[in-house]
2 protein chains.
Amino acid sequence: MNQLEEMQTFVRVVDAGSITKVAEQMNTVKSAISRRLSELESRLGVSLLTRTTRTHTITDAGLTFYDHCVRIIEEVSQAESSISNKEKALEGRIRLAVPLSFGLAKLSPLLQQFNNLHPKIKFDVDFNDRHIELAEEGFDLAIRIAKLKDSSLIAKRLTTIQLILCASPAYLAKHGAPNTPQGLANGHVKLNYHSAPDSWKFTTKSGGTESISIPSVMNANNGDFLCQAAIAGKGVILMPDFICAEAIESEQLNIILPNQLTNSLLNVYAIYPQNKHQPQRVKSLIAFLVEQFKTSNK
Amino acid sequence: MNQLEEMQTFVRVVDAGSITKVAEQMNTVKSAISRRLSELESRLGVSLLTRTTRTHTITDAGLTFYDHCVRIIEEVSQAESSISNKEKALEGRIRLAVPLSFGLAKLSPLLQQFNNLHPKIKFDVDFNDRHIELAEEGFDLAIRIAKLKDSSLIAKRLTTIQLILCASPAYLAKHGAPNTPQGLANGHVKLNYHSAPDSWKFTTKSGGTESISIPSVMNANNGDFLCQAAIAGKGVILMPDFICAEAIESEQLNIILPNQLTNSLLNVYAIYPQNKHQPQRVKSLIAFLVEQFKTSNK
DNA sequence: CCTTATAGTTCTAATATTTGAAACAGTAAG
DNA sequence: CTTACTGTTTCAAATATTAGAACTATAAGG
């Protein structure tokens with residue numbers, strides 16, 4: 001019982017005035033068309049066509065039904081094509097969740113660029129460091145830093161972030177610039193970034209691992225704030241490169257113990273629900289981000 | 001591929017928020033529901049629901065599609081129920097073709113009665129003696145007198161008509177009232193009713209058949225007109241009883257050679273296309289006519 | 001008027017689709 | 001950490017649909 005196909009068949013038979021012709025149009029045999037019509041009439045309990053052996057005339061009820069059918073068929077085709085087109089075209093809205101600092105520093109310009117390429121794609125960006133249930137909150141895509149555990153999501157690595165240990169020249173002048181991890185443990189204080197580990201691990205020149213823990217004089221979940229504090233000489237920070245790069249460049253901050261940190265690399269992932277059918281706009285954005293990060297890292 | 005069922009399933013899943021519940025509602029198993037959704041999404045090439053293993057959230061596209069679906073389902077149900085009800089209820093229009101004289105004389109009062117019983121049933125009556133292609137011209141029903149050959153139609157005998165040979169007393173006084181068919185052949189003239197045969201057949205007292213042909217001084221395709229002419233003494237008429245009964249009653253016409261005509265009975269049939277599903281109103285009318293003629297003939 | 005071609009219906013074997021049941025995978029709640 | 005529950009997948013069995021031929025009846029053409 002395929003109501004829609006029955007309706008379609010009925011409409012075409014009325015239009016063409018011939019079961020045989022419709023069978024040809026629809027690439028089937030006349031018996032199939034005949035049976036569909038009978039089926040429909042039986043279900044409705046109404047004759048739609050008054051038949052002689054060779055011709056048929058539409059009944060009153062048939063006429064009424066015909067009008068309904070035409071409209072319904074039109075609406076179904078609209079319903080299907082509207083969303084299919086929308087999803088296949090580079091337009092519509094992308095809901096995106098990004099970490100605050102990385103988002104502002106690194107992603108923001110890329111999104112602007114992407115938007116220039118595809119002006120019909122609108123963004124709805126949530127800058128937030130909280131954990132987000134992608135599927136449940138209706139996000140198309142999220143950017144996450146570091147490890148993820150949600151296994152029903154798909155992750156694509158975009159780039160890496162270098163963690164850099166640094167402090168201001170004034171601070172270092174006052175507390176002494178350490179040459180070894182051990183040196184850091186003597187009298188230094190840190191400004192603690194939100195989800196950072198309590199202790200820092202270093203790879204020594206001999207190849208061993210050393211874990212150093214120093215007191216935190218300031219905690220915050222915002223890297224830029226801590227970076228400002230470090231520039232003001234409040235302590236040592238372990239910061240993603242994109243946050244402190246500028247301060248290092250201008251020598252407001254100096255790198256401490258370069259290349260000695262273990263696991264100083266964080267991965268940045270684009271993660272998205274494992275939808276079988278992803279809107280084209282989302283696919284495009286992911287591809288764009290992958291491409292951009294690839295070239296900018298060269 | 002049953003699009004409508006897919007849409008229905010999708011809507012119910014969105015409403016209920018659970019595939020399992022919908023499976024129960026629809027008296028099937030969850031695997032069927034799950035497969036229908038996947039099928040629909042594949043065909044559209046779009047994710048309608050973003051799934052985790054235990055829950056799902058509707059996507060943007062899903063939301064759009066949902067609205068369409070709800071409207072379409074509503075319209076389909078309207079389309080089907082509207083005509084089903086209309087055809088099953090005692091309302092609507094009956095297109096009826098009836099012979100002119102018989103229609104006016106015998107049918108007209110019955111139709112009025114029927115209309116009083118079922119005031120919602122409208123009539124569209126074509127009083128016409130021409131041959132009508134029932135099916136092709138969209139009639140629900142026709143009343144026909146005598147034989148019919150259209151085998152794709154169904155006929156139901158309603159009543160019989162008695163043909164009566166008569167003339168006015170004045171005419172008979174002038175030309176002589178015949179006692180035998182042979183007597184009629186001597187100097188009598190007839191007023192010829194449209195499709196009547198050229199010669200009249202009589203059953204003689206000895207049991208034989210006699211065929212008499214007399215000149216026609218007037219031809220017409222309207223019985224009432226010929227009846228008036230006969231009353232005016234213009235000639236002999238062979239008329240259906242319902243046309244001349246009143247004139248005979250009032251002795252404006254006298255019966256000639258009573259009970260001697262062969263085949264003086266005509267059958268009246270209700271004929272209708274052999275639709276498998278006839279509107280209830282038409283069924284009712286046929287039943288009513290059969291019933292009324294049965295009682296009136298007692 | 002008869003013959004032939006054609007339209008639609010019905011029947012049946014073959015084919016395709018859909019279902020139901022069970023196994024499976026993953027998550028939430030206790 | 002276990003249990004209960006949700007949704008997905010798989011596959012044999014049930015169901016529905018189709019193609020093709022035979023059949024009925026009409027229209028058209030000689």
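Proteins get letters first, then strands, A, B, ... in listed order; numbering begins at 1 in each.
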Please name the pair of heavy atoms, one in L49(B) and one in E41(B), separated by the smallest distance, quoted to 0.1 Å.
N-OE2, 3.1 Å
So, is R51(B) near the phosphate of dG26(C), with a side-chain N or O under 4.0 Å from OP1 or OP2?
no
Nucleotide dT10(C), atom P - distance to CD of E39(A) in whole Å
12 Å
Selection residues 7-44 of chain B - residue pairs positive for ring pair (Phe, Tyr, Trp, His ring centres under 6.0 Å), sequence neighbours left out:
F10(B)-F65(B)
Can you give each donor-acceptor pair under 3.5 Å made by side-chain atoms of residues 22-30 of chain B, sequence neighbours left out, with the distance rounded to 0.1 Å?
{"from": "Q25(B)", "atom 1": "OE1", "to": "R12(B)", "atom 2": "NE", "distance (Å)": "3.1"}
{"from": "Q25(B)", "atom 1": "OE1", "to": "R12(B)", "atom 2": "NH2", "distance (Å)": "3.1"}

Starting at atom NZ of K21(B), determine the distance to atom C1' of dG7(D), rounded to an integer number of angstrom.
14 Å
Starting at CG of L40(A) and ending at C1' of dT9(C), how long is that distance when rounded to a whole Å?
17 Å
Only pairs at least two apart or in different chains count here, so list each salt bridge (charged side-chain N to carboxylate O under 4.0 Å, His left out) that has a residue in residues 92-103 of chain A.
R93(A)-D124(A), R93(A)-D60(B), R95(A)-D124(A)
Under 4.0 Å between a side-chain N/O of T55(A) and OP1 or OP2 of dA27(D), yes or no?
no
Might you list the N or O atoms of the protein lying below 3.5 Å from N or O atoms in nucleotides 20-22 of chain C, with each pair's distance?
{"from": "dG20(C)", "atom 1": "OP2", "to": "T28(B)", "atom 2": "OG1", "distance (Å)": "2.5"}
{"from": "dG20(C)", "atom 1": "N7", "to": "S31(B)", "atom 2": "OG", "distance (Å)": "3.4"}
{"from": "dA21(C)", "atom 1": "N6", "to": "S31(B)", "atom 2": "OG", "distance (Å)": "3.0"}

With F288(A) via ring pair (Phe, Tyr, Trp, His ring centres under 6.0 Å) - residues at least two apart:
F114(A)
To the nearest Å, how far apart are E41(B) CD and dT8(D) P?
9 Å
Please give, in whole Å, the distance from dG8(C) P to L49(A) CG?
10 Å
Roughly how many Å is it from CG in N2(A) to C1' in dA16(C), rounded to a whole number?
14 Å
Partner residues of E80(A) under the salt bridge (charged side-chain N to carboxylate O under 4.0 Å, His left out) criterion, sequence neighbours left out
R43(B)
Just the rounded figure in Å: distance from P of dA16(D) to CZ of R43(A).
13 Å
Starting at atom CZ of R36(A), determine the distance to atom P of dT17(D), rounded to an integer number of angstrom.
9 Å
